[in-house]
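A short worksheet on the structure shown next.
For clarity, every value in this text was computed on a predicted model and none was experimentally measured.
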Amino acid sequence: HDPTRPQRNHLLVFGAHEDVAPCANDPQRLIDAVRARGGLCFLAHPFEHSGAASGEPEIDWRAWDVSGYTGLELWNYMSEFKSHARDPLGSLVIALWPRLAIAGPYAETLAKWDALLGRGPVVAIGGSDAHAKTYSLGPIRREIFPYAHLFRSLNTHVLLPEDWSGDTDRDERLLLEALARGSAFVGYDGLAHTAGFRFAAKRADEEFIMGDHFEARGRVSFRVQVPRAARITLLQNGFRVATARGKELLYTTRPPGVYRAEAYRRYLSVERAWILSNPIYVGDAAAIDAAPRPR
């Protein structure tokens with residue numbers, strides 16, 4: 001990072017096993033270096049909004065002409081928090097009681113993701129962006145956003161085909177392969193635990209999960225299950241095609257497209273994003289690309 005230039009184009013890198021920081025000033029070169037080393041990379045907090053009291057810059061992703069990245073950070077906990085830091089008193093209140101403010105990904109991030117999905121797979125992850133810090137006021141000391149809180153708040157849940165073995169190399173490979181496929185969902189566990197979420201598609205006797213691609217032959221049935229009652233939405237190419245309230249949504253259709261699920265729960269009368277799945281891809285790339293998308 002060049003300290004004389006505004007910060008932008010932060011990239012999250014997993015599994016490269018080498019220092020790729022020398023490539024950081026050229027986003028495409030950096031992405032290429034990560035891929036050459038067998039790693040995965042995600043565009044970090046692609047859109048940011050800093051409140052006046054946060055004292056933090058907006059570190060957006062600007063290099064949208066790049067290619068080859070694994071996905072993007074759909075929801076960043078600390079980015080959202082700093083957007084609500086509009087004045088000192090309000091910032092203190094939400095720092096002590098984050099659930100008052102945290103509500104979900106930015107609308108432009110969701111819209112950008114849906115647009116990118118029309119060109120090919122883009123894996124979504126969530127991040128706590130942990131930055132615990134202790135503040136003092138006279139004899140009073142208080143840690144704001146301790147790691148124990150952040151790591152229980154916003155998480156990326158990855159679905160593995162096998163249990164952990166204890167073999168570090170094997171387990172890392174399983175994790176990175178599942179994440180690269182998009183067999184994962186983003187869960188706001190600070191609102192309610194998300195373990196038990198399921199999103200699957202069934203065609204005849206075949207079942208598919210998040211990250212899977214299959215041809216659109218005949219009718220396809222989608223099933224979304226959540227561990228607690230919520231408003232559940234199924235989207236096709238960014239458009240809402242089905243909604244249910246409760247713990248389950250069932251929907252049967254024929255058209256090709258990119259299908260993903262969302263679940264929302266209320267806290268203090270405000271509906272907040274709770275679970276956002278990665279997509280299931282139905283049909284070949286040309287059919288998906290030709291399908292209508294939000295503008």
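Using a 3.5 Å distance cut-off with no hydrogens or angles, the side chains of S128 and S153 do not pair a donor with an acceptor. With 3.5 Å as the limit, one finds no donor-acceptor pair spanning the side chains of T233 and R240. Inspection of the N76 and E80 side chains reveals no N or O donor paired with an N or O acceptor under 3.5 Å. E172 and H17 share a side-chain donor-acceptor pair at under 3.5 Å. No hydrogens or angles considered: a donor-acceptor pair under 3.5 Å links the side chains of H157 and D189. Using modelled atom types and a 3.5 Å distance limit, the side chains of S165 and D171 yield a donor-acceptor pair.
Centroid-to-centroid, the aromatic rings of F145 and F81 come within less than 6.0 Å. For Y69 and F42, the ring centers sit 6.0 Å or farther from each other.
L43 and F47 end up in the same hydrophobic cluster when Ile, Leu, Val, Met, Phe, Trp and Tyr side chains are linked at under 4.5 Å. Both V93 and M78 belong to a single network of hydrophobic side chains, linked directly or stepwise wherever heavy atoms of I, L, V, M, F, W or Y lie under 4.5 Å apart. Cluster annotation: L150 and L74 are assigned to the same hydrophobic cluster (Ile/Leu/Val/Met/Phe/Trp/Tyr, side-chain heavy-atom contacts under 4.5 Å, transitive). Hydrophobic cluster membership is shared by L100 and L191, with clusters built from Ile, Leu, Val, Met, Phe, Trp and Tyr side chains linked at under 4.5 angstrom. In the hydrophobic clustering of this structure, L159 groups with I275; members are Ile, Leu, Val, Met, Phe, Trp, Tyr whose side-chain heavy atoms approach within less than 4.5 Å, directly or through other members.
Between M210 and S277, the shortest heavy-atom contact is SD-CB, 3.5 Å. When all heavy atoms of R228 and R265 are compared, the closest pair comes out as CB-NH1, 3.4 Å. The shortest heavy-atom contact between G187 and T194 is CA-CG2, 3.8 Å. The two residues A24 and L30 come nearest to each other via the heavy atoms CA-CD2, 4.1 Å. Looking at every heavy atom in both residues, A63 comes nearest to N9 through N-OD1, 3.1 Å. Smallest separation of non-hydrogen atoms from G196 and P227: C-CD, 4.3 Å.
For the pair S221 and Y251, the minimum side-chain heavy-atom distance is 4.5 Å or more. Annotation: side chain of L72 is in contact with side chain of V122 (closest heavy-atom distance under 4.5 Å). Contact of the L176 side chain with the F14 side chain is registered, since non-hydrogen atoms from C-beta on lie closer than 4.5 Å. With contacts defined as side-chain heavy-atom distances shorter than 4.5 Å, the pair T253/V241 does not qualify. Proximity of I232 to E262: side-chain heavy atoms (C-beta onward) are nowhere separated by under 4.5 Å. Considering only heavy atoms from C-beta on, F197 comes within 4.5 Å of V224 through its side chain. Using a 4.5 Å heavy-atom threshold, the side chains of P27 and L11 count as separate. The side-chain heavy atoms of Y77 and D129, taken from C-beta on, include no pair separated by under 4.5 Å.
Salt bridge E58/K82: absent, no basic N to carboxylate O contact under 4.0 Å.
Note that the CG atom of D26 and the CD1 atom of I31 stand 9.0 Å from one another [nearest 0.5 Å]. The CD1 atom of I280 sits 8.5 Å away from the CD atom of E207 when rounded to the nearest 0.5 Å. Between atom CD of residue Q28 and atom SG of residue C23 there is a gap of 11.5 Å, rounded to the nearest 0.5 Å. Taking CD from E108 and CG from L110, the interatomic distance works out to 9.0 Å, rounded to the nearest 0.5 Å. Between I125 atom CD1 and L12 atom CG the span is 5.0 Å, to the nearest 0.5 Å. The line from CZ of R223 to OG1 of T252 is 11.5 Å long, rounded to the nearest 0.5 Å.
Classification of the Y106-H49 ring pair by plane angle, with boundaries at 30° and 60°, yields perpendicular. The aromatic rings of Y188 and W75 stand perpendicular to each other, their planes meeting at an angle above 60°, with 30° marking the opposite boundary. In this pair, F208 and F214 present their aromatic rings parallel. The plane angle is below 30°, not in the 30 to 60° band.
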- prompt: Given the rule in the salt bridge (charged side-chain N to carboxylate O under 4.0 Å, His left out) test, do E162 and R170 qualify, once you have shown the distances and angles that lead to the verdict?
  reply: CA-CA 11 Å; E162 303 171 35; R170 174 188 175 277; 2.2 Å; yes
task: Show your working on side chain to side chain contact (heavy atoms under 4.5 Å, CB included) between L40 and V34 and close with a plain yes or no.
output: CA-CA 7 Å; L40 311 181; V34 173; 5.8 Å; no
- request: For the pair W164 and L174, evaluate side chain to side chain contact (heavy atoms under 4.5 Å, CB included) and give the outcome as yes or no after the intermediate values.
  value: CA-CA 9 Å; W164 296 118; L174 282 177; 5.5 Å; no
message: Under the criterion side chain to side chain contact (heavy atoms under 4.5 Å, CB included), I'd like the reasoning laid out for E215 against R203: C-alpha separation, chi angles, the key distance, then a yes or no.
response: CA-CA 10 Å; E215 293 303 314; R203 183 191 63 191; 4.1 Å; yes
query: Would R181 and D212 satisfy salt bridge (charged side-chain N to carboxylate O under 4.0 Å, His left out), going step by step from the backbone distance to the final call?
result: CA-CA 7 Å; R181 287 193 304 272; D212 283 344; 5.5 Å; no
task: Under the ring-ring contact (aromatic ring centres under 6.0 Å, His included) rule, what do Y259 and F222 come out as? Steps first, then yes or no, please.
output: CA-CA 9 Å; Y259 291 84; F222 291 91; 4.3 Å; yes
task: Kindly determine whether R8 and D60 satisfy side chain to side chain contact (heavy atoms under 4.5 Å, CB included), including the steps that lead there.
output: CA-CA 5 Å; R8 61 188 57 169; D60 299 324; 5.8 Å; no
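Within a 6.0 Å sphere centred on CZ of R245, other residues, nucleotides and ligands contribute 12 heavy atoms or fewer. When the shell of 6.0 Å around CZ of R35 is examined, it contains 12 or fewer heavy atoms from other residues, nucleotides or ligands. By the 6.0 Å contact criterion, CG on D167 is enclosed, its count of non-hydrogen atoms from other residues, nucleotides or ligands being greater than 12.
Judged by the 6.0 Å and 45° rule, R272 forms no cation-pi pair with Y267. A cation-pi contact, defined as under 6.0 Å to the ring centre and within 45° of the axis, links K112 to W64.
In terms of modelled atom types and a separation under 3.5 Å, the side chain of N278 and the main chain of A124 share a donor-acceptor contact. One N or O on the side chain of H45 and one on the backbone of I59 form a donor-acceptor pair closer than 3.5 Å.
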